[in-house]
Amino acid sequence: MVFAKALTAGYVPLSATVLNQRIEAAYLDNRDARGLLMTGFTYGGHPLACAAGLAVLDIVEQENLPANAAHQGEYLLDQLLPFESRFRSVGNVRGKGLMLALDLVEDKASKRSLAPDNGLAFRIAEAARDAGAVVRPVGPKLVLAPPLTIDKAGCDTLVMALQMAFEKEDR
(Lines give C-alpha, C1' and ligand atoms only; values in the text may rest on other atoms or scores of the structure.)
Protein backbone atom coordinates (compact mmCIF):
# COMPACT_ATOMS: atom_id res chain seq x y z
CA MET A 1 0.00 0.00 0.00
CA VAL A 2 1.27 3.45 -0.90
CA PHE A 3 0.03 6.48 1.02
CA ALA A 4 1.07 10.09 1.31
CA LYS A 5 -0.63 13.46 1.92
CA ALA A 6 -1.94 12.84 5.43
CA LEU A 7 1.45 11.69 6.72
CA THR A 8 2.53 15.29 7.26
CA ALA A 9 -0.91 16.91 7.26
CA GLY A 10 0.08 18.33 3.88
CA TYR A 11 2.89 20.51 5.25
CA VAL A 12 5.80 18.72 3.55
CA PRO A 13 5.81 16.07 0.81
CA LEU A 14 6.24 12.57 2.26
CA SER A 15 4.99 9.18 1.19
CA ALA A 16 5.41 5.64 2.40
CA THR A 17 4.99 2.11 1.13
CA VAL A 18 3.84 -0.76 3.30
CA LEU A 19 4.47 -4.38 2.29
CA ASN A 20 3.17 -7.57 3.83
CA GLN A 21 5.64 -10.22 5.06
CA ARG A 22 5.19 -12.45 2.00
CA ILE A 23 6.20 -9.66 -0.38
CA GLU A 24 9.04 -8.55 1.87
CA ALA A 25 10.38 -12.12 1.95
CA ALA A 26 10.31 -12.29 -1.85
CA TYR A 27 12.64 -9.28 -2.01
CA LEU A 28 14.89 -10.38 0.84
CA ASP A 29 15.25 -13.94 -0.45
CA ASN A 30 16.02 -12.92 -4.03
CA ARG A 31 19.69 -13.32 -4.96
CA ASP A 32 19.85 -11.78 -8.44
CA ALA A 33 19.32 -8.30 -9.90
CA ARG A 34 15.80 -9.08 -11.14
CA GLY A 35 14.40 -8.77 -7.64
CA LEU A 36 15.97 -5.49 -6.60
CA LEU A 37 13.66 -3.04 -4.93
CA MET A 38 15.11 0.23 -6.15
CA THR A 39 14.61 2.93 -3.56
CA GLY A 40 16.86 5.73 -2.50
CA PHE A 41 15.83 8.79 -4.41
CA THR A 42 17.07 12.34 -3.90
CA TYR A 43 14.59 13.19 -1.15
CA GLY A 44 14.23 9.69 0.32
CA GLY A 45 14.20 9.82 4.12
CA HIS A 46 14.41 13.63 4.13
CA PRO A 47 14.78 14.66 7.79
CA LEU A 48 12.31 17.56 7.66
CA ALA A 49 9.58 15.46 6.04
CA CYS A 50 10.18 12.57 8.44
CA ALA A 51 10.08 14.91 11.46
CA ALA A 52 6.78 16.37 10.22
CA GLY A 53 5.41 12.86 9.69
CA LEU A 54 6.40 11.77 13.20
CA ALA A 55 4.81 14.91 14.68
CA VAL A 56 1.55 14.23 12.83
CA LEU A 57 1.54 10.60 13.99
CA ASP A 58 2.04 11.79 17.59
CA ILE A 59 -0.98 14.11 17.27
CA VAL A 60 -3.11 11.38 15.70
CA GLU A 61 -2.35 9.11 18.66
CA GLN A 62 -2.48 11.72 21.44
CA GLU A 63 -5.79 13.20 20.27
CA ASN A 64 -7.18 9.77 19.31
CA LEU A 65 -8.28 11.03 15.91
CA PRO A 66 -9.38 7.60 14.61
CA ALA A 67 -11.90 7.37 17.47
CA ASN A 68 -13.07 10.92 16.77
CA ALA A 69 -13.51 10.07 13.08
CA ALA A 70 -15.61 7.03 13.97
CA HIS A 71 -17.74 8.94 16.50
CA GLN A 72 -18.27 12.09 14.44
CA GLY A 73 -18.74 10.06 11.26
CA GLU A 74 -21.52 8.06 12.88
CA TYR A 75 -23.17 11.28 14.06
CA LEU A 76 -22.82 12.88 10.63
CA LEU A 77 -24.24 9.82 8.87
CA ASP A 78 -27.22 9.77 11.25
CA GLN A 79 -27.89 13.44 10.49
CA LEU A 80 -27.66 12.93 6.72
CA LEU A 81 -29.69 9.72 6.37
CA PRO A 82 -33.02 11.61 6.50
CA PHE A 83 -31.95 13.36 3.28
CA GLU A 84 -32.88 10.12 1.47
CA SER A 85 -36.56 10.67 2.20
CA ARG A 86 -36.52 14.46 2.37
CA PHE A 87 -34.95 15.37 -0.99
CA ARG A 88 -36.07 13.96 -4.32
CA SER A 89 -32.56 13.55 -5.78
CA VAL A 90 -30.89 11.81 -2.84
CA GLY A 91 -31.00 8.08 -3.52
CA ASN A 92 -28.49 6.88 -0.96
CA VAL A 93 -26.42 8.27 1.90
CA ARG A 94 -23.50 6.10 2.91
CA GLY A 95 -20.20 6.29 4.67
CA LYS A 96 -17.61 4.92 7.03
CA GLY A 97 -15.97 7.20 9.52
CA LEU A 98 -15.57 10.62 8.00
CA MET A 99 -15.71 9.44 4.38
CA LEU A 100 -19.31 9.90 3.25
CA ALA A 101 -21.19 10.18 -0.02
CA LEU A 102 -24.65 11.19 -1.14
CA ASP A 103 -25.69 9.45 -4.35
CA LEU A 104 -27.86 11.65 -6.52
CA VAL A 105 -30.50 9.86 -8.58
CA GLU A 106 -33.02 10.60 -11.31
CA ASP A 107 -35.42 8.01 -9.97
CA LYS A 108 -35.55 6.87 -6.34
CA ALA A 109 -37.32 3.58 -7.08
CA SER A 110 -34.73 2.32 -9.58
CA LYS A 111 -31.84 4.28 -7.98
CA ARG A 112 -30.86 5.33 -11.52
CA SER A 113 -28.04 7.88 -11.23
CA LEU A 114 -28.33 11.39 -12.52
CA ALA A 115 -26.78 11.91 -15.94
CA PRO A 116 -23.13 13.00 -15.58
CA ASP A 117 -23.85 16.28 -17.37
CA ASN A 118 -26.88 17.10 -15.19
CA GLY A 119 -24.88 19.59 -13.10
CA LEU A 120 -26.94 19.19 -9.92
CA ALA A 121 -23.98 17.96 -7.87
CA PHE A 122 -21.98 21.05 -8.87
CA ARG A 123 -24.87 23.40 -8.10
CA ILE A 124 -25.40 21.83 -4.68
CA ALA A 125 -21.67 21.96 -3.94
CA GLU A 126 -21.62 25.65 -4.84
CA ALA A 127 -24.71 26.39 -2.73
CA ALA A 128 -23.21 24.44 0.19
CA ARG A 129 -20.01 26.47 -0.11
CA ASP A 130 -22.05 29.67 -0.08
CA ALA A 131 -23.68 28.36 3.12
CA GLY A 132 -20.30 27.67 4.76
CA ALA A 133 -19.26 24.10 3.92
CA VAL A 134 -17.09 22.46 1.29
CA VAL A 135 -18.26 19.24 -0.36
CA ARG A 136 -16.89 17.68 -3.52
CA PRO A 137 -19.07 16.90 -6.53
CA VAL A 138 -17.95 13.67 -8.22
CA GLY A 139 -20.18 12.76 -11.14
CA PRO A 140 -23.63 12.05 -9.70
CA LYS A 141 -22.39 12.12 -6.09
CA LEU A 142 -21.45 14.52 -3.36
CA VAL A 143 -18.39 13.37 -1.43
CA LEU A 144 -17.76 14.56 2.12
CA ALA A 145 -14.39 14.18 3.78
CA PRO A 146 -14.20 16.61 6.70
CA PRO A 147 -11.03 16.84 8.78
CA LEU A 148 -10.38 14.16 11.39
CA THR A 149 -10.52 16.91 14.03
CA ILE A 150 -14.11 17.93 13.25
CA ASP A 151 -16.46 18.22 16.21
CA LYS A 152 -20.25 18.07 16.57
CA ALA A 153 -20.62 21.79 15.82
CA GLY A 154 -18.63 21.36 12.61
CA CYS A 155 -20.81 18.39 11.62
CA ASP A 156 -23.92 20.48 12.30
CA THR A 157 -22.56 23.27 10.10
CA LEU A 158 -21.95 20.79 7.30
CA VAL A 159 -25.44 19.30 7.59
CA MET A 160 -27.11 22.73 7.69
CA ALA A 161 -25.15 23.90 4.65
CA LEU A 162 -26.17 20.79 2.71
CA GLN A 163 -29.77 21.17 3.82
CA MET A 164 -29.84 24.77 2.60
CA ALA A 165 -28.17 23.77 -0.66
CA PHE A 166 -30.67 20.98 -1.35
CA GLU A 167 -33.59 23.23 -0.45
CA LYS A 168 -32.33 25.76 -2.97
CA GLU A 169 -31.25 23.45 -5.82
CA ASP A 170 -33.22 20.19 -5.51
CA ARG A 171 -36.62 21.44 -6.64
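Positions are given from 1 along the sequence. In this text, all values refer to a predicted model and were calculated from it rather than measured experimentally.
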Correct closest heavy-atom pair for G53 and L14 would be CA-CD2, 4.1 Å
Does a sphere of radius 6.0 Å around OH in Y11 hold more than 12 heavy atoms from other residues, nucleotides or ligands, not counting ones at 6.0 Å or beyond? no
Side-chain donor or acceptor of N68 paired with backbone N/O of D151 under 3.5 Å: no
Side-chain heavy atoms under 4.5 angstrom apart, residues restricted to Ile, Leu, Val, Met, Phe, Trp, Tyr: same cluster for L142 and F83? yes
Do you know which two heavy atoms are closest between P140 and S113, and how far apart they sit? CG-CB, 4.0 Å
Please find the pair of heavy atoms, one from P137 and one from A125, that lie closest to each other, and give the distance. CD-CB, 3.7 Å
Are side-chain heavy atoms of V93 and P82 found at a separation under 4.5 Å? no
Going by side chain to side chain donor-acceptor pair (under 3.5 Å), name the residues that satisfy it together with S89, two or more places apart in sequence or in a different chain. D170
Rounded to the nearest 0.5 Å, how far does CZ of R88 lie from CG of L104? 10.5 Å
Taking atom CD of Q79 and atom CD of Q72, what is their separation to the nearest 0.5 Å? 10.5 Å
With clusters defined by side-chain heavy atoms of hydrophobic residues (ILVMFWY) lying less than 4.5 Å apart, directly or transitively, does V105 cluster with L144? no
R123 and N118, any side-chain heavy atoms less than 4.5 Å apart: yes
So do the side chains of T17 and L19 get within less than 4.5 Å of each other, counting heavy atoms only? yes
Among the clusters formed by ILVMFWY side chains lying less than 4.5 Å apart, do V90 and L114 turn up in the same one? yes
Less than 4.5 Å apart, any side-chain heavy atom of L76 and any of V159? yes
Taking C-beta and beyond as the side chain, do E169 and L120 meet within less than 4.5 Å on heavy atoms? yes
Within 6.0 Å of NZ in K96, more than 12 heavy atoms from elsewhere: no
Listing request: all salt bridge (Lys or Arg N to Asp or Glu O under 4.0 Å) pairs with a residue in residues 75-86, at least two apart in sequence or in separate chains. R86-E167
All heavy atoms of K108 vs all of S85, minimum pair found to be NZ-N, 4.4 Å
When you compare the side chain of I150 with that of L98, does any pair of heavy atoms fall below 4.5 Å? yes
Taking the side chain as every heavy atom from C-beta outward, state whether L28 and E24 have any pair of such atoms under 4.5 Å apart. yes
When rounded to the nearest 0.5 angstrom, what distance separates CE in M160 from SG in C155? 14.0 Å
With the 4.5 Å side-chain cut-off for hydrophobic clustering, are V18 and I23 part of the same group? no
Testing the basics here: between P13 and A49, what is the closest heavy-atom pair and its distance to 0.1 Å? O-CB, 3.4 Å
Look at the side-chain heavy atoms of Ile, Leu, Val, Met, Phe, Trp and Tyr, link any pair under 4.5 Å apart, and say whether L81 and I124 land in one connected group. yes
Does a side chain donor of either D156 or Y75 reach within less than 3.5 Å of an acceptor in the other side chain? yes
Is K168 reaching over with its side chain to a backbone N or O of A127, donor-acceptor style, under 3.5 angstrom? no
For L7 and V56, what are the C-alpha separation, side-chain angles and deciding distance, and is it a side-chain contact (heavy atoms from CB on, under 4.5 Å)? CA-CA 7 Å; L7 284 175; V56 167; over 6 Å; no
Are any non-hydrogen side-chain atoms of L102 and F166 less than 4.5 angstrom apart? yes
Atom CD1 in I59, atom OG1 in T149: separation rounded to 0.5 Å? 10.0 Å
Output the distance between atom CG (D117) and atom CZ (F122), rounded to the nearest 0.5 Å. 11.0 Å
The residue among L77, L100, D103 that forms side chain to side chain contact (heavy atoms under 4.5 Å, CB included) with R94 is D103
